[in-house]
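Data first, discussion second: the structure below is written as structure tokens.
Values below: all heavy atoms of this structure, side chains included; hydrogens, waters and symmetry mates excluded. Order of the sequence lines fixes the chain letters, A, B, ..., with proteins taken first and strands second; residue numbering starts at 1 for each chain. None of the values given here were measured: they were computed from a predicted structure.
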Amino acid sequence: MSYIPPMTYTPETLEPMWQQRWAERRTNEPDLDQAEKPFYNLMMFPYPSAEGLHVGNCYAFTGSDVYGRFMRLRGHTVFEPIGFDAFGIQSENYALKVGTHPGILIPKNIKNFTRQLKALGGMFDWSRVLSTTEPAYYRWTQWLFLQLYHAGKAYRKKAAVNWCPSCKTVLANEQVIAGACERCGTAVEQRELEQWFFKITDYAERLLQNLDDQTKMDWSSSTALSQRNWIGRNTGAEIDFAAGGSAIRVFTTRPDTLFGATFMVLAPEHPLVDRLTTPEQRAAVSAYQKAAAAQDVVSRKVGDKDKTGVFTGGHAQNPATGKPMPVWIADYVLMEYGTGAIMAVPGHDERDFAFATKFGLPIVRVIAGPADSAATPLTEAMSETTGCRLVNSGAYDGQSVADGTAAIVAWLEQAGHGKGVIKYRLHDWCISRQRYWGPPIPIIYCDACGAVPVPERDLPVLLPNIDDFRPDDSGVSPLARHQEWYHVPCPACGKPGRRETDVSDNFLDSAWYFYRYLSTEVGDRALHPDRVKAWLPVPMYIGGNEHAVLHLMYSRFIAMVLQERGQIHFDEPFRRFRAHGLIVKDGSKMSKSKGNVVNPDEIIARWGADAFRLFLMFIGPFEEGGDFRDAGLAGPRRFLDRLWDLVDQCERRTLTGEELHRDIVVKWNATKKKVTHDLESLGYNTAIAALMELLNALRDSNCSSRMIVKDMVIMVAPFAPHFAEECWERLGGRDTVFQAQWPTWDEALTQDSVIEVAVQVNGKTRGTVRVARGAKEEAVQQRAIQDPAVVRAIDGRAIRKVIFVPDRLMNLVV
RNA sequence: GCUCGGGUGGUGAAACCGGUAGACACAAGGGACUUAAAAUCCCUCGGGGGCAACCCCAUGCGGGUUCGAGUCCCGCCCCGAGCACCA
């Protein structure tokens with residue numbers, strides 16, 4: 001007899017070996033044109049930061065990968081692509097900080113990310129990897145801009161940006177800290193610049209309605225809710241107030257309070273301000289306008305401020321009461337929402353109340369609650385509506401808020417003073433960035449022809465590789481300094497033209513990357529029609545809720561435009577979306593300043609990627625996240641060690657069902673059922689617990705059935721792929737465990753034939769009885785009243801009532 | 001301020017539709033093996049009482065509904081996330 005050395009589980013050699021085999025055998029590179037049951041398993045692609053993969057990335061990718069591998073074992077051809085979202089302000093700011101060109105930094109970061117992602121063992125198709133910074137990619141980002149342009153969904157207008165007068169550069173909102181530049185601390189002001197916008201507001205209603213369409217969208221409810229709030233649908237009315245020969249148009253959600261509108265407030269930059277201002281007030285008004293403009297965009301909008309404002313000297317007329325209303329300007333009214341002007345109803349709006357109180361303007365009650373009369377004084381704004389009625393409102397007195405609203409809107413329409421309208425909080429998408437690190441917007445300005453789109457054949461508009469990519473005091477993108485790039489003939493008339501020097505928003509890159517994965521090797525188009533038809537929309541998208549509104553909303557919008565242009569066959573790109581939870585460390589958020597950042601490389605080196613993956617999926621419900629504690633890795637690793645030994649000892653001969661212990665057979669079938677259901681619903685933590693239970697049961701009963709062990713290896717494969725591959729091979733499997741069949745179970749064998757039923761007396765559990773499954777009430781009761789503890793609890797009293805839940809519990813009420 | 005999500009042992013967490021609260025795992029303590037340590041294996045492990053069989057208390061707090069509540073309803077407190085002068 002030859003000596004067989006004990007097999008030992010060594011992930012540090014085994015994992016790289018399998019990663020290499022997957023690459024050599026092209027295990028994870030599906031044929032996109034011939035797939036029988038295609039399944040597109042998408043996860044949000046990472047931004048390749050200099051720090052490398054963090055635990056949050058690992059968590060998200062593992063959770064998504066587990067699902068993809070599970071679907072593959074269930075017989076689908078799974079496409080699981082990966083790429084890098086490497087353009088944008090994050091990369092650029094980091095490059096500025098370390099003083100290295102992003103064109104040098106990014107490839108380095110991508111290389112590091114690639115190494116780490118491979119070490120984590122994801123089922124990625126590395127033959128189709130992409131980066132948004134490659135000309136072969138952003139050529140199509142620019143093409144996409146042109147699609148929107150030609151669809152009439154791209155337009156230019158002036159909009160405010162944050163401007164640091166010291167750094168002489170545009171700042172993103174997140175670079176403004178408490179009204180000051182994050183780098184130099186100088187007070188930030190706003191500047192008006194011509195920028196490109198996409199008309200996402202044209203789709204507000206559709207974006208909202210599709211959220212309720214179960215056939216198109218099955219999303220995490222929290223994500224859908226964020227989108228609803230972001231779109232912010234409001235019903236109300238637009239009302240015109242006559243003022244000095246023209247009309248001030250306002251939007252209100254409370255037309256029922258029209259009789260309580262005692263003054264008007266315009267945004268400082270409202271176009272009518274000039275005309276309404278009287279000579280005596282002119283100086284004060286211009287000073288206020290100037291001060292408002294000097295504020296940065298962020299602090300201008302932050303609430304809880306003291307109300308400020310200036311009287312213009314002009315008046316408007318309330319169409320309902322006929323009374324004159326002084327017209328004020330104040331920065332609490334925002335130009336970009338509604339019409340930039342409001343009718344102020346101080347009695348029933350908190351902000352208007354504060355303003356009226358401060359400046360001594362009249363406050364009138366027009367809504368009364370059940371306990372109020374028309375004359376009850378208002379000590380604060382009253383915004384309740386339920387059970388309330390209109391007062392001091394002429395012919396409308398006594399009507400409910402709902403009836404009054406309808407009646408006043410009807411009167412406004414009939415009298416020509418206004419109409420009922422729906423407004424959305426959603427703003428058009430500003431895609432211009434006065435920056436370097438992004439795809440140049442493909443537009444050329446010509447004195448004769450205006451803004452001319454770059455012809456498709458001239459794409460990509462390459463981002464020139466300039467050394468000085470810093471923003472400077474010119475106030476325009478650094479690209480404007482690159483003379484030979486900047487000056488270009490007009491594509492329409494051939495006369496000298498100038499390129500658009502802004503680049504597009506990073507979110508445009510990520511709004512379409514999942515189409516590009518399907519055509520990475522096809523150079524001449526962004527959308528591969530047959531593959532788009534076969535693989536999209538995405539059946540399962542997993543990502544972080546931090547992208548609930550921006551990325552996910554923009555991707556939906558882009559799909560709607562592409563569908564209208566006949567480029568794709570759907571308007572909702574993500575059939576299912578699931579948001580994963582957040583990983584914290586020892587109870588608090590991981591951050592560099594706290595020094596509690598976990599380095600995945602170290603974890604993998606110490607415990608192995610499989611143990612790491614198993615641990616991440618085990619620490620809590622995937623959609624809720626969990627708490628990372630280093631000690632916790634021991635459990636999953638021990639589980640793998642034990643399963644490894646079991647594979648080692650497992651019997652050569654396959655035992656038949658009859659030879660196995662009944663308890664084990666039940667446990668085995670119940671586990672297969674539970675693990676399958678849990679994986680379908682991303683209940684990874686409980687699926688792993690069930691596998692651990694089965695392993696414990698096998699060990700306790702000294703059972704090493706080959707049949708069961710094989711099933712366990714398959715079920716553990718989504719979590720611990722390298723481990724499973726090796727075990728599979730040792731059990732005589734070939735090629736890859738991922739071509740195995742997912743285990744099936746016998747429903748009749750998922751429960752034991754004899755079960756324990758709890759016996760309660762007056763709702764308190766006093767004992768249990770073992771009865772045959774499905775036992776009748778009488779039989780259970782007969783056994784129950786023999787239990788000594790139950791007898792004691794009944795204490796000779798008569799049973800008044802019996803509650804019986806078959807196979808679970810009996811409650812005797814005395 | 002508004003809108004979501006969440007409060008269960010020393011810790012991470014389980015608990016199907018209202019039906020035996022604490023599965024699974026970590027940590028801790030004790031034991032076996034070992035010259036020793038590591039690893040491994042076995043036992044204990046919400047709190048209190050009792051020699052014991054057992055009994056009482058316990059899912060953030062206070063009420064309620066129910067034969068029965070971690071789960072449902074009402075009112076609070078705390079933590080996390082998002083939105084925020086949106087008319």
Report all side-chain donor-acceptor pairs from residues 249-267 of chain A shorter than 3.5 Å, counting only partners two or more places apart or in another chain.
| unit_1 | atom_1 | unit_2 | atom_2 | d |
| --- | --- | --- | --- | --- |
| A/Arg249 | NE | A/Asp240 | OD1 | 2.8 |
| A/Arg249 | NH2 | A/Asp240 | OD2 | 3.2 |
| A/Thr252 | OG1 | A/Arg254 | N | 2.9 |
| A/Arg254 | NE | A/Asp256 | OD1 | 3.1 |
| A/Arg254 | NE | A/Asp256 | OD2 | 3.3 |
| A/Arg254 | NH2 | A/Asp256 | OD2 | 2.9 |
| A/Thr257 | OG1 | A/Arg254 | O | 2.8 |
| A/Thr262 | OG1 | A/Pro362 | O | 2.8 |

- prompt: Any idea which of B/A13, B/U3, B/C26 is nearest the A/Ala634 side chain?
  reply: B/C26
Separation of A/Ile342 CD1 from A/Asp349 CG (nearest 0.5 Å): 6.5 Å
field: Distance in angstrom units between A/Arg638 CZ and B/C24 C1', rounded
entry: 13 Å
message: I want to verify a distance call: between B/U3, B/C86, B/C56, whose nearest atom is closest to the A/Arg351 side chain?
response: B/C86
- prompt: Nearest-Å distance, CD (A/Glu624) to C1' (B/A13)?
  reply: 10 Å
field: Protein-nucleotide distance (A/Arg606, atom CZ; B/A38, atom C1'), rounded to Å
entry: 12 Å
Between protein and nucleic acid, restricted to nucleotides 72-74 of chain B and to nitrogen or oxygen atoms under 3.5 Å apart, what atom pairs and distances do you find?
none

query: Quick one: CZ on A/Arg637 to CZ on A/Arg606, what's the gap to the nearest 0.5 Å?
result: 10.0 Å
statement: Between A/Asp349 and A/Ser222, whichever has its closest RNA chain B nucleotide further toward 5' is A/Ser222
query: In whole angstrom, what separates A/Trp607's CH2 from B/C26's C1'?
result: 11 Å
- request: Whole angstrom is fine here: how far is it from NZ in A/Lys585 over to P in B/C26?
  value: 18 Å
message: What's the gap between B/G70 and B/C51 when it is taken at their C1' atoms, as a whole Å value?
response: 35 Å
field: Close side-chain approach of A/Leu616 and A/Cys58, heavy atoms under 4.5 Å
entry: yes
query: Among B/U11, B/U40, B/A87, which is the nearest nucleotide to the side chain of A/Arg629?
result: B/U11
- request: Please figure out whether A/Ala690 or A/Arg425 has its closest RNA chain B nucleotide nearer the 5' end.
  value: A/Ala690
- request: Give A/Arg233 one of three labels, base, sugar-phosphate or nothing, depending on what nucleic acid heavy atoms sit under 4.0 Å from its own.
  value: nothing
field: A/Arg783: partners by side chain to side chain contact (heavy atoms under 4.5 Å, CB included), with sequence neighbours left out
entry: A/Val769, A/Val771
query: Can you tell me if the side-chain N/O atoms of A/Arg699 get under 4.0 Å from OP1 or OP2 in B/C41?
result: yes
query: Looking at CD1 of A/Ile583 and CZ of A/Phe628, how far apart are the two atoms once the value is rounded to the nearest 0.5 Å?
result: 8.0 Å
Over all atoms of both residues, closest heavy-atom pair of A/Gly625 and A/Tyr59: CA-OH, 3.5 Å
- prompt: When rounded to the nearest Å, what value does the distance between C1' atoms of B/G19 and B/G7 take?
  reply: 24 Å
field: CD/A/Glu680: more than 12 non-hydrogen atoms of other groups inside 6.0 Å
entry: yes
Rounded interatomic separation in angstrom, taking CG from A/Asp641 and P from B/A25: 14 Å
field: B/G18 to B/C86 separation - C1' atoms, rounded to the nearest Å
entry: 42 Å
message: With syn defined as a glycosidic angle within 90° of 0 and anti as the rest, where does B/G9 land?
response: syn
message: Taking B/C78 as the reference, what is the distance to B/U59 when you measure between their C1' atoms (whole Å, please)?
response: 16 Å
task: Provide the distance between the two P atoms, one in B/G46 and one in B/G10, to the nearest whole Å.
output: 9 Å
message: Is the ring pair A/His547/A/His551 parallel, tilted or perpendicular, if the boundaries are 30 and 60 degrees?
response: perpendicular
Please table the atom pairs, donor to acceptor, closer than 3.5 Å between any side-chain atom in residues 418-426 of chain A and protein atoms at least two apart or in another chain.
| unit_1 | atom_1 | unit_2 | atom_2 | d |
| --- | --- | --- | --- | --- |
| A/Lys423 | NZ | A/Glu238 | OE2 | 2.8 |
| A/Tyr424 | OH | A/Glu205 | OE1 | 2.2 |

task: Flag the pair A/Trp328 / A/Phe355 as yes when at least one side-chain heavy-atom distance between them is below 4.5 Å, and no otherwise.
output: yes
message: Does the plane of the ring in A/Tyr684 sit parallel, tilted or perpendicular to the ring in A/Phe622? Use 30° and 60° as the thresholds.
response: tilted
- prompt: When you compare B/U3 with B/G75, how far apart are their P atoms, in angstrom units rounded to a whole number?
  reply: 13 Å
field: Pair of N/O donor and acceptor under 3.5 Å linking B/C85 base with A/Lys307 side chain
entry: yes
query: Out of B/C83, B/C56, B/C24, which nucleotide sits closest to the side chain of A/Asn696?
result: B/C24
Distance, nearest 0.5 Å, that separates NZ of A/Lys673 from CD of A/Gln751: 7.5 Å
- prompt: Could you give the CZ-to-C1' distance, from A/Arg642 to B/A25, as a whole number of Å?
  reply: 10 Å
- prompt: Is there a side-chain contact between A/Pro326 and A/Leu361 (heavy atoms, below 4.5 Å)?
  reply: yes
- request: Between B/C67, B/C57, B/C86, spot the one nearest the side chain of A/Lys764, thanks.
  value: B/C57
Distance, P atom - from B/A52 to B/G60, rounded to whole angstrom: 31 Å
- prompt: Is the base of B/C17 syn or anti, where syn means the angle lies within 90° of 0?
  reply: syn
Annotated protein contacts, base or backbone, on nucleotides 18-23 of chain B with a non-hydrogen cut-off under 4.0 Å, one of B, S, - each: -BB--B
- request: Mind checking A/Ser226 for me? I need base, sugar-phosphate or nothing, with any heavy atom below 4.0 Å counting as a touch.
  value: nothing
- prompt: B/A32 and B/A25: how far apart are their P atoms, nearest whole angstrom?
  reply: 24 Å
task: For A/Pro788, report the nucleic acid contact type (base, sugar-phosphate, nothing); a contact means any heavy atom under 4.0 Å.
output: nothing
statement: In whole angstroms, the gap separating C1' of B/G82 from CG of A/Asn545 amounts to 9 Å
A/Arg792 side-chain proximity, nearest of B/U3, B/C55, B/U40: B/C55
message: Counting the atoms with a prime plus P, OP1 and OP2 as sugar-phosphate, which does A/Arg766 contact under 4.0 Å by heavy atoms, base, sugar-phosphate, or nothing?
response: sugar-phosphate
message: Show me the dot-bracket string of RNA chain B, counting Watson-Crick or G-U pairs under 3.5 Å, with | for pairs to another strand and [ ] for crossing ones.
response: (((((((..(((......[....))).(((((.......))))).((((....))))..(((((..]....))))))))))))....
statement: Paired with A/Leu390, the side chain to side chain contact (heavy atoms under 4.5 Å, CB included) test is passed by just one of A/Thr405, A/Val366, A/Ile408, namely A/Ile408
